[in-house]
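Worksheet: the structure to be examined is printed underneath.
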Amino acid sequence: MALQKLQRPGSYSGDSLESKTAACVTELMNAAVSFHKLHLKVTGLGSFAAHKALNELYDELPEHADDLAEGFQGAAEKLLSYQDTAPRALASVEEGLAYLREMKEMVTGLQNMMPYSEIVNDLDNVKSTINSIKYKLLFLK
């Protein structure tokens, strides 16, 4: 199965910061589902560590999505509009790691255009979680 590519912040449908932020929120929510499913099927050497790391990730991503959405809507004083997209299917921890790398790039791209420092900080928290989980998946076996 070929990996789907995340849309870069510059290529989200709609050019507004609001649409790009909403797309990031949606991706974080969908990623929680994707990583939860991967967590349930991981096996083999290092699977317990991966199982625990993925559990932590799918617990934290919805909170990050909520913080981003609520914080942005308060800062911009505008409600976001969300498009329905399906979560990505992940077949292996390696695919999960590639997805985490793409997500980090997406978040960095959004940070680079975000005018609200407090939201940039929220996005830093997302990247910190991603980095921590990558470390656990890569080195704790």
Side-chain angles (χ1 to χ4, degrees), residues 1-76 78-141:
M1 170 187 292
L3 283 177
Q4 302 166 346
K5 280 293 198 183
L6 289 179
Q7 294 180 336
R8 303 278 184 229
S11 65
Y12 293 132
S13 60
D15 290 336
S16 71
L17 182 61
E18 291 83 9
S19 67
K20 295 170 187 179
T21 303
C24 185
V25 169
T26 299
E27 194 68 45
L28 293 172
M29 290 181 188
N30 284 344
V33 172
S34 298
F35 286 110
H36 195 161
K37 289 179 179 179
L38 179 58
H39 147 93
L40 293 171
K41 64 183 172 186
V42 69
T43 61
L45 185 63
S47 61
F48 182 74
H51 183 84
K52 297 300 277 183
L54 293 167
N55 181 73
E56 180 182 335
L57 183 61
Y58 76 72
D59 279 346
E60 291 187 28
L61 287 177
E63 292 178 27
H64 286 311
D66 199 57
D67 289 345
L68 175 58
E70 289 178 357
F72 182 85
Q73 290 177 154
K78 295 179 182 177
L79 289 178
L80 296 172
S81 177
Y82 305 96
Q83 294 182 0
D84 288 329
T85 57
R88 181 182 297 199
L90 300 171
S92 67
V93 170
E94 291 75 23
E95 284 186 14
L97 283 164
Y99 187 26
L100 287 170
R101 291 178 188 114
E102 288 178 44
M103 289 176 57
K104 185 176 176 191
E105 287 180 31
M106 174 193 64
V107 170
T108 298
L110 184 57
Q111 277 184 308
N112 290 337
M113 58 186 70
M114 186 60 66
Y116 310 111
S117 62
E118 64 275 26
I119 307 306
V120 170
N121 185 58
D122 289 340
L123 293 167
D124 269 340
N125 292 336
V126 174
K127 292 192 317 186
S128 182
T129 295
I130 289 171
N131 289 338
S132 176
I133 299 304
K134 286 190 328 180
Y135 157 74
K136 291 171 184 173
L137 291 173
L138 287 167
F139 301 112
L140 302 182
K141 304 225 181 226

Lys41, NZ: over 12 other non-hydrogen atoms inside 6.0 angstrom: yes
His51: partners by ring-ring contact (aromatic ring centres under 6.0 Å, His included), with sequence neighbours left out: His39
From CA spacing to verdict: side-chain contact (heavy atoms from CB on, under 4.5 Å), Tyr135, Leu140: CA-CA 7 Å; Tyr135 157 74; Leu140 302 182; 3.6 Å; yes
Atom pair CD1 (Ile119) and OG1 (Thr21), whose distance is rounded to the nearest 0.5 Å: 8.5 Å
Nearest heavy atoms of Ile133 and Ala53, plus distance in Å: CD1-O, 3.4 Å
Heavy atoms from other residues, nucleotides or ligands near CZ of Phe48 exceed 12 (cutoff 6.0 Å): no
Criterion side chain to side chain contact (heavy atoms under 4.5 Å, CB included) against Leu90, the qualifying member of Leu38, Val42, Leu97: Leu38
Donor-acceptor under 3.5 Å (Lys78 side chain, Gly74 main chain): no
Interatomic spacing from CG in Leu137 to CG in Leu54 - rounded to 0.5 Å: 5.0 Å
Atom NZ of Lys134 with >12 non-hydrogen neighbours under 6.0 angstrom: yes
Parallel, tilted or perpendicular: rings of Tyr99 and Phe35 (30°, 60°): parallel
Residue pair Leu28, Val126: steps toward the side-chain contact (heavy atoms from CB on, under 4.5 Å) verdict: CA-CA 9 Å; Leu28 293 172; Val126 174; 3.9 Å; yes
Heavy-atom pair with the smallest gap, counting every atom of Ala50 and Val93: CB-CG2, 4.1 Å
Glu95 to Ala89 - nearest heavy-atom pair and separation: OE1-O, 3.8 Å
Sidechain-backbone polar pair: Thr26 side chain, Ala22 backbone, donor-acceptor under 3.5 Å: yes
Heavy-atom donor-acceptor pair, Gln111 side chain to Val120 backbone, under 3.5 Å: yes
Under 3.5 Å donor-acceptor, Thr108 side chain and Glu105 backbone: no
Nearest non-hydrogen partners of Leu61 and Ala32, listed with the distance: CD1-N, 3.8 Å
Whether Ser34 side chain and Arg88 backbone form a donor-acceptor pair below 3.5 Å: yes
Pair listing, side-chain hydrogen bond (donor to acceptor under 3.5 Å, both in side chains) test, anchored in residues 63-74, at least two apart: His64-Thr129
Arg101 side, atom CZ; Ile130 side, atom CD1 - distance, nearest 0.5 Å: 11.5 Å
Distance, nearest 0.5 Å, that separates NZ of Lys127 from CG of Asp122: 12.5 Å
Point-to-point distance, once rounded to the nearest 0.5 Å, from CG of Leu45 to OG of Ser47: 8.0 Å
Rounded distance (nearest 0.5 Å) linking atom CZ of Phe72 with atom CG of Leu123: 10.5 Å
